[in-house]
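The structure is given below, and queries will be raised subsequently.
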Amino acid sequence: MPRILLVSTRSEGLAPFTRALSSDSEVQLRQVEGHAEAIDEVRELSPHLVIIDAGLPDADRLEFVRELWQVDAMVNTAVISTLTHEQFHEAS
């Protein structure tokens, strides 16, 4: 069963996205709103994928990914961003 962790404070804004992810009964989707909660969830759940929203108030997204990899180097990550592909590539 794929385990996905979404880290976002925008429950309503991402509702269509989360509905689509959880439409497959095989997917276990959890959502937390902050950096510390996400770190705890990665330790406890060992999710297959962590999706980090661009608007998190308490963490730099790319530094947050580095911290997640220190907890679980095998976790896949995706970042929701407003940057273009080129800008994101340069930033990361």
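Predicted, not measured: the structure shown is a model, and the values here were computed from it.
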* To do: Using the test salt bridge (Lys or Arg N to Asp or Glu O under 4.0 Å), find all partners of D24 that sit at least two apart in sequence or belong to another chain.
  =>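 D24 satisfies salt bridge (Lys or Arg N to Asp or Glu O under 4.0 Å) with no residue once adjacent residues are dropped.
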* Reference residue I51; test side chain to side chain contact (heavy atoms under 4.5 Å, CB included); the match among L5, L21, V7 ->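 That would be L21; it is the only one of L5, L21, V7 passing the side chain to side chain contact (heavy atoms under 4.5 Å, CB included) with I51.
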* **Side chain to side chain, V27 and S22, heavy atoms closer than 4.5 Å** => no
* E26: what forms a salt bridge (Lys or Arg N to Asp or Glu O under 4.0 Å) with it, not counting sequence neighbours? -> none
* Single-linkage hydrophobic cluster L49~F17, side-chain heavy atoms < 4.5 angstrom -> yes
* Test applied, side chain to side chain contact (heavy atoms under 4.5 Å, CB included); reference residue, Q31; option that passes from T18, I4, T9, L14 ->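 Result for side chain to side chain contact (heavy atoms under 4.5 Å, CB included) with Q31: T18.
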* **Side-chain cluster (under 4.5 Å, hydrophobic types only) that M74 belongs to, other residues** =>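 Listed partners: none, M74 stands alone.
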* Verify the cluster assignment for I80 and V32: are they in a single hydrophobic cluster under the rule of side-chain heavy atoms below 4.5 Å apart? =>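 Different clusters.
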* To do: Tell me, please, which residues at least two apart from R3 pass salt bridge (Lys or Arg N to Asp or Glu O under 4.0 Å).
  => none
* Flag yes if L6 and I39 sit in one hydrophobic cluster, no otherwise; membership is Ile, Leu, Val, Met, Phe, Trp, Tyr, and two members link when side-chain heavy atoms are under 4.5 Å apart. => no
* Asked: If we only count heavy atoms from C-beta on, is the N76 to V50 side-chain gap below 4.5 Å?
  -> no
* **Test salt bridge (Lys or Arg N to Asp or Glu O under 4.0 Å) applied to R19 - qualifying residues, sequence neighbours left out** =>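 R19: no salt bridge (Lys or Arg N to Asp or Glu O under 4.0 Å) contacts found.
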* **Nearest non-hydrogen partners of S23 and A20, listed with the distance** =>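 In terms of heavy atoms, the two residues are closest at OG-O, 2.8 Å.
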* **Verify same cluster id: V42, V65 (apolar side-chain graph, 4.5 Å)** => yes
* Check the pair T77 / F64 against side-chain contact (heavy atoms from CB on, under 4.5 Å), numbers first and verdict last. => CA-CA 10 Å; T77 57; F64 183 27; over 6 Å; no
* **Qualifying side-chain hydrogen bond (donor to acceptor under 3.5 Å, both in side chains) pairs with a residue from residues 36-57, counting only residues at least two apart or across chains** =>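 The answer is S8-D53, R10-D53, R30-E41.
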